[in-house]
Each structure stands twice: as structure tokens, then as C-alpha cells.
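Structure first, commentary second.
Keep in mind the model is a prediction, meaning the values are calculated, not measured. Keep in mind that the numbers below use all heavy atoms, side chains included, and drop hydrogens, waters and symmetry copies. Counting starts at 1 for both ligands and their atoms, following the listed order.
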Amino acid sequence: MIARFFFVFLLIQSTLAQKPPPEKPSQKWLTLNGQSPAVIARGGFSGLFPDSSEYALQFALSTSLPGVIIFCDLQLSKDGYGFCLSGIRLENSTTIADFAPKGQKAYNVNGEQLRGWFALDYMIDDLLQKVALTQNIFTRSSYFDGTRLLAVEDITGLRPPPIFWLNVQYYNFYKQNKIDPTLYIKEALNIQKINFISSPEIGFLKNINGIVNKARTKLIFRFLEADAIEPTTKQKYSSILKDLSSIKLFASGILVPKEYIWPVDAEMYLEAPTNLVADAHKEGLEVYASGFANDIPGSYNYSYDPTTEYLQFIDNGQFSVDGLLTDFPPTASEAIACFANNKNATKSKGKALIISHNGASGVYPGSTDLAYQQAVDDGADIIDCSVQMSKDGVAFCLESPDLTGDTTALSTFMTKAATIPEIQPKSGVFSFDLTWSEILTLKPQLKNPFAKEGLQRNPKNKNKGKLISLTEFLELSKQKAVSGILINIEDS
Ligand SMILES: *[C@@H]1O[C@H](CO)[C@@H](O)[C@H](O)[C@H]1NC(C)=O
Ligand SMILES: *[C@@H]1O[C@H](CO)[C@@H](O)[C@H](O)[C@H]1NC(C)=O
Ligand SMILES: CC(=O)N[C@H]1CO[C@H](CO)[C@@H](O)[C@@H]1O
């Protein structure tokens with residue numbers, strides 16, 4: 001008879017090391033100027049609040065590192081005033097269609113015919129007073145919809161003024177439609193401080209080169225996707241990239257999609273880094289990377305951890321970018337302030353223990369040698385083994401006595417399937433019906449609880465590693481000198 005109860009042993013092998021915290025190494029960042037990389041908040045904290053809303057602005061300032069830079073995508077109204085909004089079509093992130101139901105028009109934007117609602121058809125007073133912001137990424141919360149748009153001066157006029165970055169994405173389009181961003185900026189610079197001005201258009205940057213005071217305002221050339229065409233030179237951005245020294249003539253830095261630095265292949269694996277940061281630094285150009293967001297998985301190599309991704313750009317031993325353009329500035333701030341240059345951080349008294357769940361079971365199939373190895377490498381204090389028994393009495397680690405969830409048992413030992421209601425209602429292939437040598441022929445299987453939501457775990461690790469006996473588990477934990485182990489016994 002099987003009694004269904006549950007108990008847990010927690011064995012602490014050694015008290016946690018009570019070493020004093022290590023001397024902080026003299027932090028030498030591999031940025032161009034040796035300072036820590038900048039956090040640049042795209043539209044404020046736009047990962048949580050509507051892009052360029054007051055909430056997004058306030059929360060970026062209050063939850064990020066002190067020097068956080070506020071990044072504003074400039075749009076211009078019919079009467080020539082500037083406000084912040086990403087995307088040229090207002091209907092994507094505002095209630096403009098309610099305000100002007102018949103306002104849809106078609107414009108040629110850098111060779112592409114676009115239909116929608118455009119800023120340059122509306123007066124600034126109407127935009128600021130009668131139109132509200134909405135979340136434009138549907139997987140993000142719409143709870144904060146309804147706040148008003150921000151004029152550029154709403155941000156630069158704050159006391160103390162935040163460090164401000166103005167991105168002029170559509171110079172050519174506005175100029176062709178008789179609203180010249182250069183004139184706007186010339187006037188704006190007389191009354192407010194703009195620390196950075198960026199644009200993907202060389203013509204514009206060359207144009208304002210004589211206007212800005214370079215000691216107060218840095219000019220940054222923004223690269224778009226490699227195959228996109230730069231409007232002034234009609235060259236692909238990928239070919240402009242080959243001549244960094246020519247960029248130095250009109251800009252002091254570049255803003256590039258993060259894949260320019262760490263390319264990702266078609267299967268979402270990270271490739272070796274390019275030489276871009278080193279090459280640009282050699283020319284004296286700062287390098288800012290864009291495209292960071294906690295909720296847009298970048299590559300399997302990061303295991304859905306945005307901090308790991310940031311560290312790849314700022315703490316890889318070879319180079320660091322000079323700034324990170326992100327929708328989630330608090331996460332980038334944490335990566336810079338707490339995690340970077342901190343490999344030797346030792347445990348100090350009073351910190352919570354890190355206990356693995358079947359080893360690093362999000363990275364490798366659970367309860368395998370590789371999963372436990374990874375858990376130790378990742379800094380787990382306690383590794384865990386849920387004990388199961390084979391038919392011939394070998395105790396081993398696996399989450400469930402039913403082998404069908406964690407291994408390929410169903411395809412190979414179909415005939416041994418049984419229904420045991422005391423354990424679970426559905427049928428399974430149970431460990432106590434197979435010998436240990438039979439169990440060892442099974443391939444462990446990586447669990448994928450969020451596959452339906454599109455969050456697949458590393459497919460290359462799908463069947464990696466091997467199951468280990470309890471004895472091997474104990475040996476491994478001794479060898480790796482983990483602080484403790486957790487033995488879990490269910491269904492005894
Ligand atoms: C990313 O992961 C793949 C598969 O595990 C590996 O081959 C590749 O070397 C990793 N990339 C980097 C830059 O570490
Ligand atoms: C970390 O500790 C190791 C071993 O004590 C040492 O060799 C290494 O220089 C340290 N690294 C840093 C960044 O302090
Ligand atoms: C980025 C984005 O949401 N773009 C959308 C803007 O709105 C048009 C329709 O008006 C869509 O086609 C775009 O995909």
C-alpha cells in the first residue's frame with residue numbers, strides 16, 4: 001500500500017562562509033571614457049507605462065540609477081512644436097482616432113507610402129489637451145492608458161532637469177512637409193539643455209553640426225537595420241558601418257541595434273561578438289546599444305534573464321558599450337550597479353539561500369548531472385534531489401515517480417504503462433517498474449511549461465545530460481562543496 005505523504009530533509013553541510021565582503025576591485029569599465037555605462041530610458045519606463053507618458057518619465061527617474069538619460073522620440077506639430085512619441089503614426093499609441101475620426105491621411109515616409117494619423121496635421125494645443133496616450137504593445141498593461149502627451153519642455157523643464165536625449169527619427173519626412181526639425185532644434189537649444197541629439201539621417205546631423213555647442217550637446221548617429229537605406233546617402237546602413245572614421249566627422253558616437261554587437265542566428269542562438277565596439281572606440285566614437293526589453297526574449301543563451309543579457313554587453317572582459325537604450329531602465333540599472341564587475345561577491349551572513357529545483361531545470365533536463373552542475377556554477381547554495389526508486393532498489397533523483405514527464409519513457413516503455421490512482425489519476429510509466437539499467441537507457445527531457453505562450457526553453461539542451469543515482473548526487477555535492485543539499489521524499 002502506498003501512503004501519500006511528504007517530507008523533506010535539509011542538510012546543511014557547512015555553515016555558510018562568513019568571510020568579509022571582498023575588497024571592491026578598482027572598477028575599470030571598458031567604456032570609451034572608463035566611466036560606468038549609461039542607462040537610457042526609451043520613452044521613460046516604457047516597459048510598464050505608455051511610452052513617453054508622465055508616469056513613464058517619473059518612474060524612470062525614481063527607479064533607475066541617478067544619471068539615467070531620458071530618451072525622447074521627437075514629433076512635430078502643425079504649428080512646429082515638439083513633443084515625444086515613438087512611431088510616426090499617432091494612432092498606434094494615442095487616442096487620435098477618437099479626436100479626429102476622419103483624420104487619416106497618406107504620406108510618403110522615406111519612400112514608403114503610409115496611411116494613418118500624423119503629428120504634422122494637428123496643432124500642439126489639440127494634441128496636448130485633447131489626445132491621450134495608450135499602450136501600443138498589446139502584451140503590456142493598458143492600466144495606465146489615458147495620460148496626456150508630453151511636450152519636449154515638459155521634460156527639459158523639470159527641476160532638476162534630467163539628462164535629456166532627443167532622437168530625430170524622421171528629419172527628411174518633416175522637412176519635405178515644410179516643418180524643419182533643424183529650425184525647431186535651433187530655437188529649442190536657446191532655451192533648454194539637450195544633452196544628446198541622435199538621428200538615423202546623416203544630412204540632418206551634418207546640418208546641425210554647426211548649430212550645436214558640442215561641449216553641451218553630443219551628436220549621435222543612429223543605425224537602423226543593416227539592410228535599411230540611409231535617406232541622405234541612399235546607402236545601406238551595413239555599408240556605412242564599414243567606414244566608421246567618416247562618422248567621426250559629424251558625430252561623437254553611434255547608437256546601434258544590439259545585434260550589431262552580439263549577433264543572434266536564425267535559431268535564436270548568440271554568435272561570437274563583432275569587433276564593432278573596439279573598432280568604434282579606436283576611432284574615439286562612443287557606442288550605445290538599443291533594443292533592450294525584459295519582455296522580448298533575445299536569445300536562448302540568456303535563459304530569459306535580462307540581466308545576463310546586459311552583462312554580456314557591459315561586463316564580458318573584452319569591451320563595454322557606453323550606454324544601454326532600454327524600455328526597463330531599473331533592470332539595466334541593477335545590472336550596472338549590482339551585478340557587473342561582481343564575480344567574486346561572496347555570500348554574507350543573513351542573505352537568503354538559493355535552493356535549486358531539480359538542479360538548473362530551466363536550462364537542462366531536470367535532475368540530470370548537467371542540471372546540477374549548472375546549478376552549482378550559477379551559485380546555488382543548496383541543490384535538491386527528489387528521490388525515486390527503481391525496480392531493483394536503486395535510489396535516484398527525479399521530480400516524479402512517473403517517468404513520462406521528465407524522460408522519453410513513453411516512447412520506449414509503452415508496455416509498462418500503468419494506472420496507479422494513489423499517485424496520479426492519469427496513467428504513467430513508473431520508476432519502480434523499471435530496473436536502474438533500463439532507466440539509464442531513457443533520455444531525460446527538458447520541461448517546457450510556457451511553450452504555448454511562445455517561451456520555448458533552449459532546444460539544443462532538450463535531451464542533454466544523464467540521470468544520476470542518489471549516491472552519485474551525494475558525491476557530486478561533496479565534490480562541488482555546495483553549502484547544503486535538499487532531499488525530498490514523496491509517495492513513500
Ligand atoms: C550560445 O549557445 C549555443 C548553444 O548552446 C552555443 O553553441 C554558443 O556558443 C553560445 N553563444 C555564446 C556567444 O556563448
Ligand atoms: C576573484 O578571485 C580570484 C581568486 O581569488 C582572483 O584570482 C581574481 O583576481 C578575482 N577577481 C576579481 C575581479 O577580483
Ligand atoms: C509598431 C506598431 O504597432 N505598428 C502598427 C501601427 O499601426 C498600423 C496600423 O495603423 C499597424 O499596421 C502597425 O503594425
Nearest protein heavy atom to [atom], by residue and atom, and its distance?
{"atom": "atom 5 (O) of ligand 1", "answer": "N458 ND2, 4.2 Å"}
{"atom": "atom 12 (C) of ligand 1", "answer": "N301 ND2, 3.5 Å"}
{"atom": "atom 9 (O) of ligand 1", "answer": "L270 O, 4.6 Å"}

Can you sort out which atoms of ligand 1 are near E271, meaning under 4.0 Å from one of its heavy atoms?
->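 Those atoms are 13 (C).
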Subset of ligand 1 atoms that lie under 4.0 Å from at least one heavy atom of Y269 | 2 (O), 3 (C), 4 (C)
Verify the contact flag for atom 14 (O) of ligand 1, where contact means a protein heavy atom under 4.0 Å away.
->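 Yes, at least one protein heavy atom sits under 4.0 Å from atom 14 (O) of ligand 1.
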Going by distance only, is there an N or O of K460 that falls short of 3.5 Å from an N or O of ligand 1?
->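 Between K460 and ligand 1 (N or O atoms, distance only) the closest approach is not under 3.5 Å.
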Ligand 1 to A272 polar contact by distance, N or O atoms, under 3.5 Å =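 A272 vs ligand 1: no N/O contact under 3.5 Å.
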Would you call K466-D369 a salt bridge at under 4.0 Å N-O?
-> no
Should D433 and K391 count as an ion pair when the cut-off is N to O under 4.0 Å?
-> no
K416 charged N/C atom sitting above F430 aromatic ring, 6.0 Å / 45° | no
Is it true that the NZ or CZ of K460 lies under 6.0 Å from the centre of Y300's six-membered ring and within 45 degrees of the ring axis?
->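 Checked: cation-pi criterion not met.
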Which heavy atom of G203 sits nearest a heavy atom of Y171, and at what distance?
-> C-CE2, 4.4 Å
Within-4.5 Å side-chain heavy-atom neighbours: D402 and K426 = yes
